[in-house]
Amino acid sequence: MISNHTNKPIGVFDSGIGGLTVAHAIQQRLPNEQLVYFGDTAHLPYGDKSEAAIQAYSIKIADVLLAYQCKVIVIACNSASSAAYELLKAYVGSKAHVIDVINPMVQVVNRTMANKKIGLIGTKRTVQSGVYASKLAALPTPVVVHQLATPLLVHMIEEGFFDNKISYDIIDQYLSNEILRDIDSLILACTHFPLIKKEIEAYYHHKVAVLDSAEEVATSLAHYLSENNLLSTHTQPPNHTFMVSDYTASFEVSTKLFFGEVVKLTKHPLWE
Ligand code: DGL
């Protein structure tokens, strides 16, 4: 990639605002990089959609991010990573580098969790895709992952139910499932779930390592930019852009939970 790309933005997308947990980790790690975020709120949730539908949405969003000349596209959604990562890489070609949220997590497991019993919770799409299972099985020390689809958690978080009786009950109901019995570690395979990480750790009395990929994704992005001389030369944090395919005031209010501050969302004209 040519070096005049250094000050081009990093594109980040998700089905909604859950991917802001990844955008936030990137902002913390690389404060001088400009972010262009796209939340496909018109099609949320991706977790219940077909692979073909998610692929079509992802291509349309990639076109938007390429129009902003993004040097990297981060798929900040496990459902989209499992359905569309390979397709997007082929589609984008040399125009941008594509990073998903699954491969960085697989590397964490590879480094730190050999011979452990690993559980995973995520959307139906992510679990049914079998992408985590096949990538973890292909590691030098193969890992068997015990997966449970937990679709209600996405809706619960979107509705602002966490750290209360409803969320404790739903989390308890899912995590007590036989599939996750006696695990040493739990992969949070959904970018919404960092918001309930503390509740999940408390459920396990802090005896199970709860892994989310946001920081790993930021680290993997930092390495890529540094190795390819693509780190921004801005000396001040630049202004970011946050777009959605469907705007509601409640999405905007919820951004504070995911990004640590309220961000202004604008509706992209292609979805008018
Ligand atoms: N953020 C999505 C993910 O990581 C979950 C939400 C959805 O189903 O759209 O899979």
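Remember, it's 1-based here, ligands and their atoms both numbered in the order they're listed. Since we're looking at a predicted model, the values are computed, not measured.
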### Query
Hey, does Ser79 come in under 3.5 Å of ligand 1, counting only N/O atoms on both sides?
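Right, the criterion is met.
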### Message
When you compare ligand 1 with Thr191, is there at least one nitrogen or oxygen pair between them that comes in under 3.5 angstrom?
### Response
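Yes: some nitrogen or oxygen of Thr191 is under 3.5 Å from one in ligand 1.
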May I ask you to check whether [X] and [Y] show a side-chain donor-acceptor distance below 3.5 Å?
X: Thr6; Y: Asn229; answer: no
X: Gln34; Y: Ser232; answer: no
X: Asp172; Y: Tyr203; answer: no

### Task
Examine Met156 and Val253 and state if one hydrophobic cluster contains both, with Ile, Leu, Val, Met, Phe, Trp and Tyr joined whenever side-chain heavy atoms are less than 4.5 Å apart.
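No, Met156 and Val253 fall in different hydrophobic clusters.
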### Query
Is the closest heavy atom of Gly16 to ligand 1 under 4.0 Å?
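It does not, in that no heavy atom of Gly16 comes within the 4.0 Å cut-off of ligand 1.
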### Task
Take every heavy atom of Gly18, measure it against each atom of ligand 1, and state whether any distance is under 4.0 Å.
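Contact check Gly18 vs ligand 1: negative.
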### Query
How close does the nearest protein non-hydrogen atom get to atom 2 (C) of ligand 1, and which residue and atom is it?
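Ranking protein heavy atoms by distance from atom 2 (C) of ligand 1, first comes Cys77 SG, 3.4 Å.
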### Query
How far apart are the closest heavy atoms of Leu35 and Ala23, and which atoms are they?
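Shortest heavy-atom contact: CD1-O, 3.7 Å.
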Which atoms of ligand 1 are found less than 4.0 Å from any heavy atom of [X]?
X: Gly47; answer: 7 (C), 8 (O), 9 (O)
X: Thr123; answer: 5 (C), 8 (O), 10 (O)
X: Asn78; answer: 3 (C), 4 (O), 10 (O)
X: Asp14; answer: 1 (N), 2 (C)

Residues 125-141, side-chain donor-acceptor partners within the protein, below 3.5 Å, at least two apart:
from: Arg125; atom 1: NE; to: Lys49; atom 2: O; distance (Å): 3.0
from: Arg125; atom 1: NH2; to: Lys49; atom 2: O; distance (Å): 3.4
from: Thr126; atom 1: OG1; to: Ser79; atom 2: N; distance (Å): 3.3
from: Thr126; atom 1: OG1; to: Thr123; atom 2: OG1; distance (Å): 3.1
from: Ser129; atom 1: OG; to: Thr126; atom 2: O; distance (Å): 2.8
from: Ser129; atom 1: OG; to: Val131; atom 2: N; distance (Å): 3.2
from: Tyr132; atom 1: OH; to: Asn78; atom 2: OD1; distance (Å): 2.5
from: Ser134; atom 1: OG; to: Gly130; atom 2: O; distance (Å): 3.2
from: Ser134; atom 1: OG; to: Val131; atom 2: O; distance (Å): 3.2
from: Lys135; atom 1: NZ; to: Asn103; atom 2: OD1; distance (Å): 3.1

### Query
Glu33 pairs by side-chain hydrogen bond (donor to acceptor under 3.5 Å, both in side chains) with which of His234, Lys8, Lys71?
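So the option named by the test is Lys71.
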### Message
With ring-ring contact (aromatic ring centres under 6.0 Å, His included) as the test, pick out the partner of Phe242 among Phe258, Phe259, Tyr247, Phe38.
### Response
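Of the listed options, the one satisfying the test is Phe259.
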Does ligand 1 have a heavy atom under 4.0 Å from the side chain of [X], from its backbone, from both, or from neither?
X: Val154; answer: side chain
X: Val101; answer: neither
X: Cys190; answer: both

